[in-house]
Number of protein chains: 2
Amino acid sequence: MTRADSIPKATCLRLSLYLRHLDHAAAQGLGTISSAQLAAALGGTAAQVRKDLSRFGQFGRPGVGYQVEDLRRAVRRILGVDRRWQVAVVGVGNLGRALARHQGFPQRNFDVAALFDVDPGTVGTFVEGVEVSAMDRLREVVAERNIRLAMLTVPAEAAQAAADALAKAGVEGILNFAPISVRVPSGVALYPADLTVLLEQLSCAARCVPAARAAEAGPEGRIGP
Amino acid sequence: MTRADSIPKATCLRLSLYLRHLDHAAAQGLGTISSAQLAAALGGTAAQVRKDLSRFGQFGRPGVGYQVEDLRRAVRRILGVDRRWQVAVVGVGNLGRALARHQGFPQRNFDVAALFDVDPGTVGTFVEGVEVSAMDRLREVVAERNIRLAMLTVPAEAAQAAADALAKAGVEGILNFAPISVRVPSGVALYPADLTVLLEQLSCAARCVPAARAAEAGPEGRIGP
DNA sequence: TAGATTGTTAATCGATTAACAATC
DNA sequence: TAGATTGTTAATCGATTAACAATC
């Protein structure tokens, strides 16, 4: 099993993508999969897949490939998703509400088990069967419901205070959707997830291609699928 | 101005974070900012900030730093956000609806100007003043409204077909929230944005720290802010 | 056995950091 | 002038790729 000492972010991302594809493969009844197949499905290289996996042990058989079920189990354990996680959403606005309702989370072992907001009109209401709690009950509720991860969807001004409260309450990881960088103590994992930043990256990437597109463009002036 | 030949993804991400902080700095009335200040606000190094910026030209003055307004303008141009972008949301479920309503987008030059769905019950309804169109009108609407970017929030089964339709319609970039990898022609930018993958990365990162936390933990058994 | 595919080592590539002369 | 901070070069670091012996 080897130690997960500290997995590079990029490796961690790819592992999650491998798992997603392994789930698809399992659903299709595939018994075995090769590093080349996994790479092709994700747009990476076979060497990279093998390298990523070999960091944690020997899961494949030369000449055969990987058993889909075995690898799935192994990757789930590595990622820590071989059991359910209780997650909080802090800030019940448009985005927070959508996250609370998102069916993809419980399907993949993440339960949104607590909601928090400062607005007295929102506190006490229910979203997807979960009651919205006041921010000042955060510590209590986090402990009670065994919350270990949080998604932060509050305005920029409120983000740092909310992150502090979460860290104090013992949350181990924060997904930060707020449009500002927050600080957390070293024992807490923090992932930036500002959606506007994603769109800006996209616009940046899109800007680099128009010349290439014009050159490649077919009769319709557009590249086909 | 130097060319944006092809900006590394990591650089592009940081530029977006610099811009976000420059906006905060400008709002606070700061006239000048140093690479060290910018780095401190984001958790990077001053050398990295200077390196990132110098790729595009010389924006600062030795001994002084960067003019906030000048740098802001420059970074906006580099990222391509010095003008408005028309964006489509494909798939009007919980998440798609939240994205359509998200105030952070128009505030930062991204207008959600088109919505698409296959459900006849959803088509024709309005979200945030924008009517939901049927998928088979995608090409037409994209052309009419000058849509150049899209956010894909459809189920896994529908994702590839939707991505194909978007590429054919001439969209230049796709933010893919669907839980599956899709292929796009080389002229189209594609960013993965599966929120479950983000949570899995978080759980992966959180798993690596409990030992460290226990060691560092203060009297309350928790690390302070 | 022959063909396929792994795990791992060595070589390559790119990105980050440190250092410093140039400049305000 | 002295102190500060840039832009850039060289050194370091880590990650990706290629190659191949080992193995099924």
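Reminder, nothing fancy here: chain letters follow the sequence lines and each chain counts from 1.
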Taking only the side-chain nitrogens and oxygens of [X], find out if one of them lies under 4.0 Å from OP1 or OP2 of [N].
{"X": "B/R50", "N": "D/dT6", "value": "yes"}
{"X": "B/Q37", "N": "D/dT5", "value": "no"}
{"X": "B/R61", "N": "C/dC24", "value": "no"}
{"X": "A/Q48", "N": "D/dA18", "value": "no"}
{"X": "A/S35", "N": "C/dT5", "value": "no"}
{"X": "B/R14", "N": "C/dT16", "value": "yes"}

Pairing of [X] and [Y] as salt bridge, 4.0 angstrom limit:
{"X": "B/D23", "Y": "B/R72", "result": "yes"}
{"X": "A/R73", "Y": "A/D82", "result": "no"}
{"X": "B/D52", "Y": "B/R14", "result": "yes"}

Residue mapping more 5' on DNA chain C - nearest nucleotide basis, A/A47 or A/V64: A/V64
Note: for B/S34 and A/A10 on DNA chain D, the residue whose nearest nucleotide lies more 5' is B/S34
Judged by nearest nucleotide, the residue sitting upstream toward the 5' end of DNA chain D, B/Y66 or A/G63, is B/Y66
What is the distance, rounded to the nearest whole Å, between atom [atom1] of [X] and atom [atom2] of [N]?
{"X": "B/F56", "N": "D/dG7", "atom1": "CZ", "atom2": "P", "value": "13 Å"}
{"X": "A/I33", "N": "C/dA4", "atom1": "CD1", "atom2": "P", "value": "18 Å"}
{"X": "A/Q58", "N": "C/dT5", "atom1": "CD", "atom2": "C1'", "value": "13 Å"}
{"X": "B/D52", "N": "C/dG14", "atom1": "CG", "atom2": "P", "value": "17 Å"}
{"X": "B/K51", "N": "C/dG14", "atom1": "NZ", "atom2": "P", "value": "13 Å"}
{"X": "A/K9", "N": "D/dG14", "atom1": "NZ", "atom2": "C1'", "value": "16 Å"}
{"X": "B/L53", "N": "D/dT5", "atom1": "CG", "atom2": "C1'", "value": "13 Å"}
{"X": "A/L38", "N": "C/dT6", "atom1": "CG", "atom2": "C1'", "value": "14 Å"}

Heavy atoms, side chains only, cut-off 4.5 Å: are B/S203 and A/L149 in contact? yes
In Watson-Crick or G-U wobble terms, with both distances under 3.5 Å, the base opposite C/dT17 is D/dA10
Does any nucleotide pair with D/dA4 by Watson-Crick or G-U wobble geometry, both distances under 3.5 Å, and what is it? C/dT23
Counting the benzene-type ring for Trp, do B/H21 and B/Y18 have ring centres under 6.0 Å apart? no
